[in-house]
Amino acid sequence: MADPEPRPRKFAAPRGTTDVLPDDAPWWSFVRSTAAQVAGRFGYRRIETPTFEHAGVYLRSVGAGTDIVEKEVYLFEDRGGDTLALRPEGTAGVMRAYIEHGMASLPQPVRLYYVAPNFRYDRPQAGRYRQHTQFGAECVGDPSPLADAEMIDLLCTFYRELGLRHLNLKLNSIGDANCRPAYVEALRDYYRQHLDGVCADDRMRFEQNPMRLLDCKEERCQPIVAGAPRLRAYLCDACREHFADVQAYLTALGIGFDLDDTLVRGLDYYTRTAFEVQPLQEGSQSALGGGGRYDGLIELLGGPPTPGTGFGTGMERIILNLKRAGLEPPPPRPLALYVAHLTPEAAPLALRLAGDARAAGLQAVVASAGRSLKAQLRHAGALDARFAAIIGASEVATGEVTLRDLRDHSERRLAAAAAGDAVASEVPS
RNA sequence: GUGGGCGUGGCCUAGCGGUUAAGGCGCCAGGUUGUGGCCCUGGAGAUCGAGGGUUCAAAUCCCUCCGUCCACCCCA
């Protein structure tokens, strides 16, 4: 033999991406179907937008000065020369679709939800991936605080139905175009006096995105954050009232929350309500979900002035927390029937029998050809099958099947055509 | 972008300078003629992450890179 060719290089999944293997699939179907059910019960309808958009959709809407736009967006040029971007977050694409398809002429508000992958080029870590999946919902065309409360209610209901406990809802209002400028002014004035004692990031934020000075985590900046003017004190009457109503509705719903002055969204089109949910325990990073009101966004994307509010929540982090909480996903369907066959003549019967079982809604697997009966039954055991059908020369001759109960080891012979039903009558489907 | 831990067959792990890299799980096959889960036996499967260096000799020491995990940051 000639020298074997050098083995081709083995590939690994790109950094920050994961394979969802069969063992984890039950978690995913559980979380996905719960999302669909809960959203459906709130009257939200599913929307799917492309995984990539013209880059401007995201760059304009997510906003300059944010980490996402500065360094995390996957940008690429296609062969036709268009500049495109992989979806870094869910809302912008949905709003683009709202505008493009004239949803403003549907009965308002329009309630939409999605489950879709998002892409951000940041450094992977526990619960942080370059591709992650978000369940999100948007309520477009309703300016009232009731819509904000509904979003939070939907999100909390979702978590509750999954079985997640010990969550902390943080709530804030960041004002609107009427009142925020005065606040930002005051904040700037305050920080101007403290610029020496503040971290380098903060000095940049001071210039580019003063609101985000408030959520600086740097220890030495904390006293300065603590002494900063309170945004809530600057809210105009309309915003104050809106915020009070959101809280009243949440209270009526029995949803607990903590007010948090430092919870901010830096950009102008974010208005009023902002919220975030995190696991109660390790309060550091790893928000499970968050959202808020974005009354300026649709206009920014070229649509008519339209209010909107929504949330996004990370599926991988949810599953991580479900596992940490010691919960189990609903068990997958068991294998009802394993069909063993001993001769080439038996194979067609085996295939037909498996087909009968499947038609009855059961899970059935046919053994690979050419293995000993012992090997086939061992395989059946390894797959945790409930029944094994055995088809050898003797069964072929009589058109029968030997059906073995793998729990109590009992066996009986019956007509091949009846075997599928026999299994079905004993295995819940 | 910054810092730290770790990289030995599919998985977990032993070996930490010296002949053909060891074990467990898993996989495949046998333990007589058509029968599983226990037990026994055998087999396949590793250029010890990659490249360079030190040495008579390196999986074992040094350097670089890559990957991965964890934390910071940010976010979901």
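Residue numbering restarts at 1 for every chain, and letters A, B, ... go by the order of the sequence lines. All values below were derived from every heavy atom in this structure, side-chain atoms included, with hydrogens, water molecules and symmetry-related copies excluded. Treat the numbers as computed from the prediction; the structure is a model and nothing was measured.
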Which listed nucleotide ([options]) is nearest to the side chain of [X]?
X      : options             : value
A/R123 : B/A76, B/C69, B/C74 : B/C69
A/S394 : B/G34, B/C74, B/G36 : B/G34
A/A126 : B/U35, B/A76, B/A71 : B/A71

Q) Are A/R130 and A/Y121 in a cation-pi contact, defined as NZ or CZ under 6.0 Å from the six-membered ring centre and within 45° of the axis? A)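 The answer is yes, since A/R130 meets both limits relative to A/Y121.
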
(Q) Between the base of B/G34 and the side chain of A/E411, is there a donor and acceptor pair under 3.5 angstrom? (A)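 For A/E411, whose side chain was compared with the base of B/G34, there is no donor-acceptor pair (under 3.5 Å).
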
Q. Side-chain donor or acceptor of A/R128 under 3.5 Å from a matching atom on the base of B/C70?
A.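 No.
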
Q: Return no unless some side-chain N or O of A/Q125 is found under 4.0 Å from OP1 or OP2 of B/A71.
A: yes

Q) Does A/R15 put a side-chain nitrogen or oxygen below 4.0 Å from OP1 or OP2 of B/U68? A) yes

Q: Using ring-ring contact (aromatic ring centres under 6.0 Å, His included) as the criterion, list what pairs up with A/F42, not counting sequence neighbours.
A: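 Scan of A/F42 (ring-ring contact (aromatic ring centres under 6.0 Å, His included), adjacent residues dropped) gives none.
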
Q: Please list, chain by chain and in numerical order, all residues satisfying ring-ring contact (aromatic ring centres under 6.0 Å, His included) with A/F135, sequence neighbours excluded.
A: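 So A/F135 forms a ring-ring contact (aromatic ring centres under 6.0 Å, His included) with A/F158, A/F311.
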
Q. Using a cut-off of 4.0 Å on non-hydrogen atoms, how would the nucleic acid contact of A/E395 be classed: base, sugar-phosphate, or nothing?
A.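 The residue A/E395 makes base contact.
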
Check the interface with nucleotides 5-10 of chain B: list each N/O to N/O pair with the protein under 3.5 Å, or write none.
none

(Q) Tell me every residue that passes side-chain hydrogen bond (donor to acceptor under 3.5 Å, both in side chains) with A/T17, counting only those two or more places apart in sequence or in another chain. (A) none

Between atom [atom1] in [X] and atom [atom2] in [N], what is the gap in whole Å?
X      : N     : atom1 : atom2 : result
A/L213 : B/C74 : CG    : P     : 12 Å
A/Y121 : B/C73 : OH    : C1'   : 16 Å
A/I319 : B/A76 : CD1   : P     : 18 Å

Quick one: list whatever passes side chain to side chain contact (heavy atoms under 4.5 Å, CB included) with [X], sequence neighbours left out.
X      : answer
A/T83  : A/A55, A/L75, A/E77
A/R412 : A/L403, A/L414, A/A422, A/E426
A/A380 : A/Y338, A/A385, A/L406
A/R41  : A/Q37, A/V38, A/E161

(Q) For the aromatic rings, using the six-membered ring if either is Trp, is the centroid distance between A/Y234 and A/Y183 under 6.0 Å? (A) yes

Please tabulate the protein-to-nucleotide N/O contacts below 3.5 Å involving nucleotides 25-32 of chain B, giving atom names and distances.
unit_1	atom_1	unit_2	atom_2	d
B/G31	N7	A/K374	NZ	3.3

Q) Could you give all pairs that pass the side-chain hydrogen bond (donor to acceptor under 3.5 Å, both in side chains) test and reach residues 351-371 of chain A, with sequence neighbours left out? A)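 Every candidate side-chain hydrogen bond (donor to acceptor under 3.5 Å, both in side chains) pair involving residues 351-371 of chain A fails, so no pair, neighbours aside, qualifies.
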
Q) Among residues 38-52 of chain A, which contact RNA chain B at a heavy-atom distance under 4.0 Å? A) none

Q) If pairs are Watson-Crick or G-U with both distances under 3.5 Å, what is the dot-bracket string of RNA chain B, marking crossing pairs with [ ] and pairs to another strand with |? A) ((((((((.[[[[.)..(...]]]].(((((.......))))).....[[[[[..)....]]]]])))))))....

Q: Answer yes when A/D148 and A/R272 have at least one side-chain N-carboxylate O distance shorter than 4.0 Å, and no when they do not.
A: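 A/R272 and A/D148: not salt-bridged.
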
